[in-house]
2 protein chains.
Amino acid sequence: MPLSEPLVDLVAQRFRVLGEPMRIRLLDLLREGEATVGELQQALGASQQNVSKHLGILHGAGMVTRAKRGTSVVYAITDDSVFDLCEQVCGGIRRQLSDMESILGQPS
Amino acid sequence: MPLSEPLVDLVAQRFRVLGEPMRIRLLDLLREGEATVGELQQALGASQQNVSKHLGILHGAGMVTRAKRGTSVVYAITDDSVFDLCEQVCGGIRRQLSDMESILGQPS
DNA sequence: CACCTCCACAACCGAGTGCTTGTGCTAGCG
DNA sequence: CGCTAGCACAAGCACTCGGTTGTGGAGGTG
């Protein structure tokens, strides 16, 4: 049976959140542990406002947690299952690359 | 160690392809087997050009295969692993919903 | 209290994208 | 050969979105 329309929208919205390189990089940095906005900003070399904006989107999607510690704000991964998604995607990319190489390796 | 920049872009691009409701619906329809553009168009109630365009994007990402059969073009899922991704996302959505309900079910 | 740090929110702009309209091309059919 | 069906490509338009700039507020520090 086909998926319901609202569920389709939710799934698409979730994928769209992960469809930005900077957000992928933020999640990848938070993979090693919690970090403040300043630390992430320095690690990425981006503006503070931009980093904060993307972190807000990730927080709105429930993928990261926000906690105030002193004057700083600490972000952390909510659920490690996000990395399973990235792992599957990386696996798919590797598979396509190997297919490409096997084709290029045997010219007509 | 952090992910390399080109890999981050590839992963984000892949997620972005799945970040459109209509493409999710197309993959969901193809889940039951191969189908022509006209069949998918009728099932979705969308324009033929729009369906063809999204199918082209899915084909460019290597997620569906294209084959000409008579005057029609038949599309099919390339790799079933795409559905594992959707399953994980749906699982995450269900988890968040249950968390929301558990919070709303216990008012302060 | 004055000052600075750290961060989030809002407005703006340029680029990307989804959808529509229009068109051309290929394959079957009488 | 003329005609239709089925599909992909291209241009145009409206919308979304990512990035920058500007600003305000919360929380330490002297």
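Just so we're clear, the structure is a prediction, and the values are computed from it rather than from any experiment. Letters A, B, ... mirror the listed sequences (proteins, then strands); counts begin at 1. Basis for what follows: all heavy atoms, side chains included, without hydrogens, waters or symmetry-related copies.
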Using side-chain hydrogen bond (donor to acceptor under 3.5 Å, both in side chains) as the criterion, point out the one residue from B:Gln48, B:Lys53, B:His54 that pairs with B:Asn50.
-> B:His54

Phosphate oxygens OP1/OP2 of [N]: is one of them under 4.0 Å from a side-chain N or O of [X]?
X: A:Tyr75; N: C:dA8; value: yes
X: A:Ser47; N: D:dT20; value: yes
X: A:Ser52; N: C:dA8; value: yes
X: A:Arg66; N: C:dC7; value: no

Whole angstrom is fine here: how far is it from [atom1] in [X] over to [atom2] in [N]?
X: A:Arg25; N: D:dG18; atom1: CZ; atom2: C1'; value: 13 Å
X: A:Phe15; N: C:dG18; atom1: CZ; atom2: C1'; value: 19 Å
X: B:Leu58; N: C:dT17; atom1: CG; atom2: P; value: 14 Å
X: B:Leu26; N: C:dC19; atom1: CG; atom2: C1'; value: 14 Å
X: B:Met22; N: C:dT17; atom1: CE; atom2: P; value: 17 Å
X: B:Glu39; N: D:dG6; atom1: CD; atom2: P; value: 11 Å
X: A:Gln41; N: C:dT5; atom1: CD; atom2: P; value: 13 Å
X: B:Gln13; N: C:dT17; atom1: CD; atom2: C1'; value: 14 Å

Starting the side chain at C-beta, find the nucleotide from [options] nearest to [X].
X: A:Thr36; options: C:dC7, D:dT20, D:dA11; value: C:dC7
X: A:Val73; options: C:dG28, C:dC7, D:dG19; value: C:dC7
X: B:Lys53; options: C:dC6, D:dG19, C:dG18; value: C:dG18
X: A:His54; options: D:dA8, D:dG19, C:dC19; value: D:dG19

Taking all non-hydrogen atoms of both residues into account, name the closest pair between A:Glu34 and A:Ala76 and its distance.
-> CB-CB, 3.9 Å

Nearest heavy atoms of B:Leu3 and A:Asp28, plus distance in Å |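 Closest approach of B:Leu3 to A:Asp28: N-OD2, 2.8 Å.
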
Heavy atoms under 4.0 Å, any strand shown: does A:Arg69 hit a base, just sugar-phosphate, or nothing?
->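 A:Arg69: no heavy atom of the nucleic acid under 4.0 Å.
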
Between A:Asn50 and A:Gly70, which is nearer to the 5' end of DNA chain D once each is assigned its nearest nucleotide?
->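 Looking at the nearest nucleotide for each, A:Asn50 comes out on the 5' side.
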
Hey, which of these two, B:Leu55 or A:Gln49, hits DNA chain D nearer its 5' end, going by closest nucleotide?
->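 Result of the comparison: B:Leu55.
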
Quick one: does NZ or CZ of A:Arg66 land under 6.0 Å from the six-membered ring centre of A:Tyr75, within 45 degrees of the ring axis?
->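 Judged by the rule (NZ or CZ under 6.0 Å from the ring centre, within 45° of its axis), A:Arg66 is not positioned above A:Tyr75.
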
Any side-chain heavy-atom pair of A:Leu18 and A:Met63 under 4.5 Å = yes

Does any non-hydrogen side-chain atom of A:Arg14 lie less than 4.5 Å from one of B:Ile93?
->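 Yes - at least one pair of side-chain heavy atoms lies under 4.5 Å apart.
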
Any donor-acceptor pair under 3.5 Å between the side chain of B:Gln48 and the base of D:dG6?
-> no

Look at the side chain of A:Lys68 against the base of D:dG27 and say whether a donor-acceptor pair falls under 3.5 Å; ignore hydrogens and angles.
-> no

